[in-house]
Participant: 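Sending over a structure as structure tokens; questions will come in a sec.
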Amino acid sequence: MLSLLKYLKPFWVGIIFVVILLLGQALAELYLPTLMSGIINEGIIYQAETGISRMEFIFYSGAEMLVFALLAGVFSIIVAYISPRIAAGAARDLRRDLFVKVESFSQTEFDKFSSASLITRCTNDVTQVQNLANIFARMLLYAPILATGGIIMALQRAPGLSWILGLMVVVLIGIVMVLVSIVMPKFQIIQEMTDRLTRVSREILHGLMVIRAFGTQSHERERFDASNVELRDLGLFVARMMAIVNPAMIFMMGFTQVLIIWVGAHNVAYSGLQVGDMMAFFQYSMQVLFSFMMISMVLVMVPRAQVSAERIAEVLNTELSIVDEDNPFGLVDAAVVQFRGVTFSYPNAEAPALENINFTAFPGQTTAIIGSTGSGKSTIANLLLRFYDVGEGEITVSGVDIRKLYQKELREKIGFIPQKGQLLSGTIASNIKYGNTELSDEEIKKVAEVAQAFDFIAEKEGGFAAKISQSGSNVSGGQRQRLSIARALAKNPDIIVFDDSFSALDFQTDAKLRRALKEHTENATVIVIAQRVGTIIGAEQIIVLEEGKIVGRGTHAELLKNCAEYFEIASSQGVE
Ligand code: ADP
Ligand code: MG
């Protein structure tokens with residue numbers, strides 16, 4: 001929580017202003033009962049005893065009371081205006097830093113947090129902290145000032161009644177402590193439960209099609225209900241606890257009032273306590289009581305915000321597993337990609353996903369990687385793009401270890417078509433231009449043609465200006481892949497990596513696409529990851545991967561002869 005305090009720093013002028021205003025408000029409010037006791041003692045009672053009218057004094061003091069009450073009101077309005085602005089401004093900075101941090105995360109960090117949790121942390125958790133910051137200023141700063149002042153003033157007015165105040169404060173602190181000790185831990189659990197509910201609902205919404213297809217709605221509903229009911233029960237418990245507090249406080253208030261008047265009246269009658277002083281004491285006691293109510297209200301909010309603050313700090317303090325070197329090498333043009341003795345395990349995985357991988361991919365050639373699912377093909381792409389860092393060995397581009405390059409420079413060189421074609425919301429044109437905003441309409445058309453996307457784009461309403469909805473859900477899988485290919489080609493990259501990008505295409509489109517690509521990417525280093533032998537049959541070099549190890553390499557014809565694994569794949573697909 002404390003580490004987030006630095007977000008309040010830019011607003012220090014406003015904060016000092018708020019503190020001064022709160023102090024002013026408290027002082028004005030503390031002065032009111034004193035003025036009132038003056039009116040009662042020196043105005044009304046004096047007149048009753050002596051018959052001499054002191055109307056002027058009463059009016060004067062009354063006017064003074066009005067001014068101070070107004071002043072307190074104005075101060076509190078200004079505070080109510082400024083403090084949410086400070087809290088919202090700090091929250092904006094915090095969200096910005098969080099977002100920048102998350103953007104710099106490598107895949108390792110994403111695996112650690114899960115994107116659902118990262119979203120909650122950037123939104124809901126920040127709001128919790130913001131709410132506290134907002135109320136904190138108004139309540140937790142103001143209430144102690146008022147309470148302390150109230151106690152001091154009350155004791156000065158009527159020292160004989162001080163034991164009542166002492167009793168009240170002890171009971172109040174008792175109530176607040178019991179409340180805090182019971183409710184605080186529950187709030188922590190509530191935040192965790194909210195997390196779980198978010199996770200369950202996200203998962204269910206994400207997999208809705210599967211759930212429908214398998215007819216398991218009722219099972220999923222039960223799972224959701226379980227989380228939901230849990231949260232409700234705990235919420236109810238906390239609400240009930242809080243509901244007890246209010247009547248308890250009101251009872252305390254009534255009891256104290258009666259006690260003050262009862263004891264006070266006796267003191268007035270027998271030991272010379274002035275009526276006005278008794279009334280002042282009465283009001284100061286109420287101020288003290290209200291302060292305690294405010295403090296207890298804020299205190300129950302603290303643990304919730306504390307949990308959120310810790311979750312935020314956890315993200316902000318995450319050490320990046322992949323960082324740029326201070327003085328990275330620059331890259332020369334031709335991009336020879338070389339894997340040298342690369343071994344890699346995913347975080348928390350037992351067996352390595354890749355073991356001792358050695359190969360070189362040359363410009364102007366196609367290097368294909370084939371293997372069954374789970375053999376580590378995508379992992380090779382992940383490592384080349386430096387989504388993860390290698391465990392052992394090194395990957396070089398033009399002879400430079402990629403860990404010695406700027407990540408941005410490395411990725412600028414690579415056109416990557418991920419296994420799952422991912423589009424962003426916008427238009428078809430904005431998606432193709434994503435990696436190269438300077439692309440002319442002519443060039444957009446060209447890459448779309450190469451990617452065999454032009455025909456279906458032309459058929460769409462609006463053509464290149466047709467809308468793409470979030471993550472591209474309004475185009476088919478094959479169309480999404482062809483658009484991803486166009487987007488990668490638009491960057492005019494030196495290295496092109498296709499991760500299983502042809503699997504959603506029919507054979508005919510696959511063949512046409514390969515022919516067009518061959519022409520378009522003459523000088524590029526092309527790495528094609530595939531499962532279909534037909535897709536890679538013409539590659540200069542084919543690497544056969546099995547369980548993270550290379551079990552064969554060569555051309556199609558060579559492999560058919562020397563590599564049993566390749567022969568098996570090929571014959572199972574009817575290619576020979
Ligand atoms: P392919 O693309 O050949 O189907 P992958 O390279 O995706 O295979 O996966 C290789 C192995 O690594 C698999 O056993 C898979 O379970 C594991 N794996 C892939 N991604 C992760 C990850 N993010 N965390 C842990 N293990 C992973
Ligand atoms: Mg894969």
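First listed ligand is number 1; within each ligand, the first listed atom is number 1. None of these values were measured; they are calculated from a predicted model.
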Participant: With side chain to side chain donor-acceptor pair (under 3.5 Å) as the criterion, how do S375 and E546 come out once you've worked through the C-alpha distance, each side chain's angles and the decisive distance to 0.1 Å?
Facilitator: CA-CA 5 Å; S375 56; E546 194 158 300; over 6 Å; no
Participant: Please work out whether the ring planes of F416 and F387 are parallel, tilted or perpendicular, with thresholds of 30° and 60°.
Facilitator: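 Taking F387 first and then F416, their aromatic rings stand perpendicular (interplane angle over 60°).
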Participant: Do ligand 1 and Q419 have nitrogen or oxygen atoms that lie under 3.5 Å from each other?
Facilitator: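 Such a contact does not occur with ligand 1.
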Participant: Of the backbone and side-chain N, O or S atoms of Q419, does one lie nearer to the Mg ion (ligand 2) than 2.8 Å?
Facilitator: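 A backbone or side-chain N, O or S atom of Q419 is under 2.8 Å from the Mg ion (ligand 2).
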Participant: Counting only heavy atoms, tell me which of P347, G376, A351, G374 gets closest to atom 14 (O) of ligand 1.
Facilitator: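 The option holding the nearest heavy atom is G374.
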Participant: Is the side chain of N431 donor-acceptor paired with the backbone N or O of L424 at a distance under 3.5 Å, no angle test?
Facilitator: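 Checked: pair present.
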Participant: With a heavy-atom distance limit of 4.0 Å, tell me whether I380 approaches ligand 1 through its side chain, its backbone, both, or neither.
Facilitator: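 Contact part for I380 vs ligand 1: neither.
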Participant: Is a side-chain donor-acceptor pair under 3.5 Å present for Y388 with T379?
Facilitator: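 Y388 and T379 do not have a side-chain donor-acceptor pair below 3.5 Å.
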Participant: Whether the side chain of N474 engages the backbone of K467 through a donor-acceptor N/O pair (distance < 3.5 Å, no angle test) should be reported.
Facilitator: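 Flag set: sc N474 to bb K467 pair under 3.5 Å.
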Participant: Give a yes-or-no answer on whether the side chains of Q470 and S425 include a donor-acceptor pair shorter than 3.5 Å.
Facilitator: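 No, S425 and Q470 have no side-chain donor paired with an acceptor closer than 3.5 Å.
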Participant: Please check whether T373 reaches ligand 1 - meaning an N/O of the residue sits under 3.5 Å from an N/O of the ligand, judged on distance alone.
Facilitator: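 Checking ligand 1 against T373, no N or O pair falls under 3.5 Å apart.
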Participant: Atom 6 (O) of ligand 1: which protein heavy atom is closest, and how many Å away?
Facilitator: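 Result for atom 6 (O) of ligand 1: T379 OG1, 2.5 Å.
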Participant: Within the 4.0 Å heavy-atom shell around D111, which atoms of ligand 1 are there?
Facilitator: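 Those of ligand 1 that fall under 4.0 Å from D111 are 23 (N).
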Participant: Do S321 and E109 pair up side chain to side chain, a donor and an acceptor below 3.5 Å, judged on atom types alone?
Facilitator: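 Short answer, yes.
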Participant: Suppose I only count heavy atoms of Y388 and a 4.0 Å limit; which atoms of ligand 1 are within that range?
Facilitator: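 Near Y388, meaning under 4.0 Å from one of its heavy atoms, ligand 1 has 23 (N).
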Participant: Around atom 7 (O) of ligand 1, find the nearest protein heavy atom and jot down its residue, atom name and distance.
Facilitator: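 Ranking protein heavy atoms by distance from atom 7 (O) of ligand 1, first comes S378 CB, 3.6 Å.
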Participant: Just going by heavy-atom distances, which of Y346, F110, F387 is nearest to atom 17 (C) of ligand 1?
Facilitator: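 Nearest heavy atom to atom 17 (C) of ligand 1 lies in Y346.
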Participant: Going by distance only, is there an N or O of A353 that falls short of 3.5 Å from an N or O of ligand 1?
Facilitator: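 No; the residue has no nitrogen or oxygen that sits under 3.5 Å from a nitrogen or oxygen of the ligand.
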Participant: Hey, mind stepping through D500 and S378 against side chain to side chain donor-acceptor pair (under 3.5 Å) and telling me if it holds?
Facilitator: CA-CA 8 Å; D500 236 339; S378 296; over 6 Å; no
Participant: Can you tell me which residue and heavy atom of the protein come closest to atom 3 (O) of ligand 1, and the distance to 0.1 Å?
Facilitator: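 For atom 3 (O) of ligand 1, the nearest protein heavy atom is K377 N, 2.8 Å.
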Participant: Calculate, to the nearest 0.5 Å, the distance between atoms CG and CG belonging to L384 and L410 respectively.
Facilitator: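 Reported value, rounded in 0.5 Å steps: 6.5 Å.
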Participant: Closer than 2.8 Å to the Mg ion (ligand 2): does that hold for any N, O or S atom in T379?
Facilitator: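 Coordinating: no.
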